2 protein chains.
Amino acid sequence: MTEKATPSSEAIKAWARLMRVSRQLMESAEEALKAAGLPPLAWYDVLHELAEAGEGGLRPFQLIERTLFAQYNISRLLARLEADRLVEKLPVADDGRGQTIRITANGRETRRQMWAVYGRSIAELVGAKLSGEELTMVSALLGRLRQPPASD
Amino acid sequence: MTEKATPSSEAIKAWARLMRVSRQLMESAEEALKAAGLPPLAWYDVLHELAEAGEGGLRPFQLIERTLFAQYNISRLLARLEADRLVEKLPVADDGRGQTIRITANGRETRRQMWAVYGRSIAELVGAKLSGEELTMVSALLGRLRQPPASD
DNA sequence: TGACGATAAATGCATATGCATCTACATAGA
DNA sequence: TCTATGTAGATGCATATGCATTTATCGTCA
């Protein structure tokens, strides 16, 4: 009804900026991790979620909900993390299909090292460029673009 | 000196939003193209640049400057575009190493079809969610995050 | 002119991703 | 209990990506 097939020039510009800047920043952060001999960002995302989850761990499908990874992607990522002893897979008592993923001490340490680099990237690439108010505004505006529209 | 190793909570939140939302929106747009039986976004980016460039075309290294693709990525992408007759490769008179890439009529038509879908995605995902003023503000704020810091 | 470092573009090889499917177990219904 | 349908997670296969290197040409300087 009110659907527009053609976006406004403001919308196009905002879209282009969003796509380009996010990719650039991601690449910068990725580069910094690599330069420090650390694993890629994707690993951080998973280790972060697992660290937050604590000793109880998380099921793979919960990781899928919390991150933007596809199911096969998580499956393989967890296999690599396990091979590196950063996480461990535990059987689930009441569901023979599933497993619980728990971060290891090793994994916590790796996450800490990654954060030292990743956090610095965020501080430099974003924190140093905009004021606190501006950052809050960016968050609020971007929040309204989420898929699907959330409430938070 | 004034470098901070630890980002503020506002910076972290803005970063997280930026990464998550941009990925989600990109995936939505990508999905729409796929659903319409059209090529992926990356193809659009290149076809768009070439369409803008007109009959003179562009050298691959110019495409690399204008987009965020790596050299080997452009090389292969152009090979696929050429195989699909969407672009043509022409020898360059004064530089035997290089080639000029020109979009074909076919390529223009494909780009047009892609824009019908892609533009609709932008309108729905971004244009419908924020006002013109807000969109302008997003562009301005994101513009200040560019790497390397530009003037525009 | 000839040698050498720089630039344009392609490519071999290893790894990662996407898609579809598969296996295993769970749950519901006859 | 048996069967059908659903859900959790893994995987085979095709394609795409990243990295390093290669090939070809350019430009410069002795």
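Since the structure is predicted, the reported quantities are computational estimates derived from the model, not experimental observations. Chain identifiers are assigned alphabetically (A, B, ...) following the order of the sequence lines, protein sequences preceding nucleic acid strands; residue numbering begins at 1 within each chain.
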If the cut-off is 4.0 Å, is A:Asn73 near the phosphate of C:dG18, judged by side-chain N/O to OP1 or OP2? yes
Parallel under 30°, tilted from 30 to 60°, perpendicular over 60°: which one fits the rings of B:Trp115 and B:Tyr118? perpendicular
What's the closest nucleotide to the [X] side chain, out of [options]?
| X | options | result |
| --- | --- | --- |
| A:Tyr72 | D:dG9, C:dC19, C:dA8 | C:dC19 |
| B:Pro60 | C:dA9, C:dC19, D:dG18 | C:dA9 |
| B:Phe61 | C:dA8, D:dT17, D:dA10 | C:dA8 |
| A:Lys89 | C:dC19, D:dA10, C:dA9 | D:dA10 |
| B:Ser75 | D:dG12, C:dT11, D:dT17 | C:dT11 |
| B:Arg59 | C:dC19, C:dA10, C:dA8 | C:dA8 |
| A:Arg97 | C:dC19, D:dT7, D:dG9 | D:dT7 |
| A:Gln99 | D:dG12, D:dG9, D:dA16 | D:dG9 |

Side chain of A:Gln71, base of D:dA8: donor and acceptor closer than 3.5 Å? no
Could you pick out which residue, A:Val92 or B:Arg76, lies toward the 5' side of DNA chain D when each is mapped onto its nearest nucleotide? A:Val92
